[in-house]
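Notes follow once the structure below has been shown.
Here is how names work: the chains are called A, B, and so on, in the same order as the sequence lines, proteins then strands, and each is numbered from 1. This structure is a prediction, so every number in the text was calculated from the model and none was measured.
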Amino acid sequence: MANTPTLFDADFFDAAQDARAWPFEEAKKVLKRVEKSGKKEAIFETGYGPSGLPHIGTFGEVVRTSMVRHAFRLLTKDEIPTKIICFSDDMDGLRKVPTNVPNQERMAEYLGKPLTKVPDPFSDEYPSFAHHNNARLRRFLDDFGFEYEFASATDYYTSGRLDAALLRMLEVYDDVMKVILPTLGEERQKTYSPFLPICPRTGIVLQVPMISRDVEHGTVTYVDPETNEEVTVPVTGGAVKCQWKADWALRWYALGVDYEMSGKDLIDSVKLSSRIVRAMGGTPPESLSYELFLDDKGQKISKSKGNGLSIEDWLTYASDESLALFMYQKPKTAKKLHFDVIPKAVDEYYTFCTKAETQSPAEVLENPTVHIHAGMPPKHDMPLSFALLLNLVSAANASDASVLWGFITRYAPVATPETHPELDRMVGYAIRYFNDFVKPTKQFRAPTDQERAAMEKLAARLDEVDDQSDAEAIQTLVFEIGKEFEFEPLRNWFKALYQVLLGQDQGPRFGSFIALYGVAETKQLIADALEGKFAA
RNA sequence: GUGCCCGUAGCUCAGCUGGUAGAGCAUCCGACUUUUAAUCGGACGGUCGAAGGUUCGAAUCCUUCCGGGCACACCA
């Protein structure tokens, strides 16, 4: 999202103290936590599963976390340093071969191994599958201009940055087990361990019980399931990684995470991980459980089901700012995420942008756009709403930007693509929307004999006019032909034109349409229709 | 069972720390247009899920209940 003027000055700092927008509410919780701990920095974290592909929930999480961070900076007069850590769980074992990658057989040989040890199935460009996914994730985040610090679990484990925390986890091992075991089924209880050793023999991430541990030496001992030999490994230096909930706790503890939000499906995990952190002597971060997104039928959106909207879908038909606005609104309410919500989000975004110009500092901080831009929103002059554009593009049957601009300029004479680049951007979106949603619903019908004759006449008489002719003259011509062929009422003649030529029941004023669409093009359109190229 | 969210106009939803119920769409009427659509103006439309409580005053705060949705094995 584009850089805009920041709000870091006294007026906004003052207003922030009483601001009630949800990012401020969250930021206040973080501030309280930071003050209590006496820390000199506030750490925000977002985590990413090993499958790696960014989806709309990922986007929402980073956008929203960035908003809380920005609110925090305003709240604290930007005197406390902040950062967002994007943590990739790239040391997790490969559990199954993804169905959407090439080289399936080769991948299968690496089942169970850390993702950073699995070769990239796509190319030799990256040293591993995880590196490939991480690169994609970072490109994704960079494209949106997010500020973040990337963190790789593998790097953290192997570099020793987690060693102190791992040793602490080992010390409180029994307490951790007490937290987790009651939540597990009988079978899983037998094999559970917060530590997952990386088998020195095979490199596989093992899910095996620990038979003993040595706090003093910082090691754990387990039985190799294949050789039945006892193996002792250090918990440090990347020789083990932690199992999910323990892993989360470990990170919070080691990095001093102050804030992390997550979907409401993870509420129980947050609770358990929090108890583990406390067992370690730490304090769990402030958290926000956001609601999941639903599709138009109220079903949960999931990657595997492929329902609902993807980021790509949204960005095909509207700007990333409008998507960010959608994410801003009510994170704790389950919202339906489908095509119909797009136009509203787009128009509200511009409305809020305009409003911000005349608002007081206190009001500005309640304006979603300042949270989207982390500063004052850009100024836009929007003579037409997106909703109106969509109507226009549909009514005018415009699948071409220049044709659509013709209609727009008639409506708002001052507007051109040069003077209104933002509107031009929307024109592009509207046309895509038209092509993908309006066009497929068109129903062309064959003309009656009377209509056919009239249209042939119209095509012939269009030779009399040229592209220079004005819309009125052409309109008169169309009108005359309707009279000549005795359409009664005359409205049926126009209706026939729309239904046969445009595949819709209603349409633009026909003279204007021809003038903008082009005389030659219209003749071709008529010829095609009469040949039956449109009617199914 | 535990927890979260929701219940406001026909539909989709706004209503922020309590002060006379709002928008968009839909519907209907009108204006403009030598047709239509678009556009513009207007009208219609709600005992704010229910009952208690706090208050001079509650859609808003508290309690209980009803109805709907979702999450909660393992893995992340």
- Hunt down the Watson-Crick or G-U wobble partner of B:rA23, both distances under 3.5 Å, from any strand shown, or write none. B:rU12

- Item | Worked check of side-chain contact (heavy atoms from CB on, under 4.5 Å) between A:Phe12 and A:Val370 | CA-CA 11 Å; A:Phe12 290 107; A:Val370 313; over 6 Å; no

- Query: To the nearest Å, how far apart are A:Lys271 NZ and B:rC4 P?
  - Reply: 7 Å

- Please state whether the phosphate of B:rC6, meaning OP1 or OP2, lies under 4.0 angstrom from any side-chain nitrogen or oxygen of A:Thr333. yes

- Report the residues that fulfil side-chain contact (heavy atoms from CB on, under 4.5 Å) with A:Lys355, sequence neighbours left out, ordered by chain and then residue number. A:Gln359, A:Asn367

- For A:Lys117, look at atom NZ and say whether over 12 heavy atoms of other residues, nucleotides or ligands are found less than 6.0 Å away. no

Please list, pair by pair, any protein nitrogen or oxygen found under 3.5 Å from a nitrogen or oxygen in nucleotides 32-35 of chain B.
| residue | atom | partner | partner atom | Å |
| --- | --- | --- | --- | --- |
| B:rU33 | O2' | A:Arg509 | NH1 | 2.3 |
| B:rU34 | O4 | A:Thr476 | OG1 | 2.4 |
| B:rU35 | O4 | A:Gln475 | NE2 | 3.1 |
| B:rU35 | O4 | A:Phe510 | N | 3.2 |

- Hey, does the side chain of A:Arg95 come within less than 4.0 Å of B:rC74's phosphate (OP1/OP2), counting only N and O? no

- Counting only Watson-Crick or G-U wobble pairs whose two distances fall under 3.5 Å, which nucleotide matches B:rG7? B:rC66

- Task: Please tell me which of the listed nucleotides, B:rC72, B:rA76, B:rG15, lies nearest to the side chain of A:Lys330?
- Result: B:rG15

- Message: Between B:rA9 and B:rA21, how many Å separate the two P atoms, rounded to a whole number?
- Response: 15 Å

- Query: Among B:rC72, B:rC75, B:rC13, which nucleotide sits nearest the side chain of A:Lys344?
  - Reply: B:rC13

- Query: Charged N to carboxylate O below 4.0 Å: is that the case for A:Lys241 and A:Asp90?
  - Reply: no

- When the P atoms of B:rC11 and B:rU27 are considered, how many whole Å apart are they? 15 Å

- Item | 5'-most by nearest nucleotide on RNA chain B - A:Ala334 or A:Trp244 | A:Ala334

- Message: What contact category does A:Leu184 fall into here, base, sugar-phosphate, or nothing, at under 4.0 angstrom with non-hydrogen atoms?
- Response: sugar-phosphate

- Counter-base of B:rU2, judged by Watson-Crick or G-U geometry with both distances under 3.5 Å: B:rA71

- Message: Between A:Gln499 and B:rU36, is there a contact of a side-chain N or O with OP1 or OP2 at under 4.0 Å?
- Response: no

- Message: Does this structure show an ion pair linking A:Arg64 with A:Glu61, if we count only N-O contacts that are shorter than 4.0 Å?
- Response: no

- P-based separation of B:rC5 from B:rU64 [nearest Å]: 14 Å

- Item | Separation of the P atoms in B:rC44 and B:rG22, to the nearest angstrom | 13 Å

- Could you measure between the two C1' atoms, the one in B:rU55 and the one in B:rC4, and give it in whole Å? 30 Å

- Query: When you compare B:rG52 with B:rG68, how far apart are their P atoms, in angstrom units rounded to a whole number?
  - Reply: 23 Å

- Message: Less than 4.0 angstrom between a side-chain N/O of A:Gln243 and OP1 or OP2 of B:rC75, yes or no?
- Response: yes

- Picking from B:rC74, B:rC72, B:rU17, which would you name as closest to the side chain of A:Arg20? B:rU17

- Message: Among B:rC5, B:rA71, B:rC75, which nucleotide has an atom closest to any side-chain atom of A:Leu292?
- Response: B:rA71

- If B:rC28 has a Watson-Crick or G-U wobble mate with both distances under 3.5 Å, name it; if not, just say none. B:rG42

- Verify the ring-centre separation between A:Phe479 and A:Trp493: is it less than 6.0 angstrom? no

- Might you point out which heavy atoms bring A:Arg445 and A:Thr448 nearest each other, and give the distance in Å? NH1-N, 4.3 Å

- Which value, in whole Å, describes the distance between the P atoms of nucleotides B:rC61 and B:rC48? 16 Å

- Item | Presence of salt bridge, A:Lys29 and A:Glu26, under 4.0 angstrom | yes

- Query: With sugar-phosphate meaning primed atoms plus P, OP1 and OP2, does A:Ser269 contact a base, only sugar-phosphate, or nothing at under 4.0 Å between heavy atoms?
  - Reply: base

- Message: Any strand counts, and the cut-off is 3.5 Å on both contacts for Watson-Crick or G-U wobble. Which nucleotide pairs with B:rC61?
- Response: B:rG53

- Note on the structure: Taking a pair to mean Watson-Crick or G-U wobble geometry with both distances below 3.5 Å, B:rU33 pairs with none

- Task: Using only side-chain N and O atoms of A:Lys335, determine if any of them is under 4.0 Å from OP1 or OP2 of B:rC6.
- Result: no

- Task: Considering only atom C1', compute the distance from B:rU17 to B:rC25 and round it to an integer number of Å.
- Result: 32 Å

- Query: Does A:Lys264 get its side chain close enough to the base of B:rC70, under 3.5 Å, for a donor-acceptor pair?
  - Reply: yes

- Message: A:Val62 and side chain to side chain contact (heavy atoms under 4.5 Å, CB included): which single residue from A:Tyr148, A:Phe140, A:Tyr48 fits?
- Response: A:Tyr48

- Just checking A:Arg188: base, sugar-phosphate only, or nothing, at a heavy-atom cut-off of under 4.0 Å? sugar-phosphate

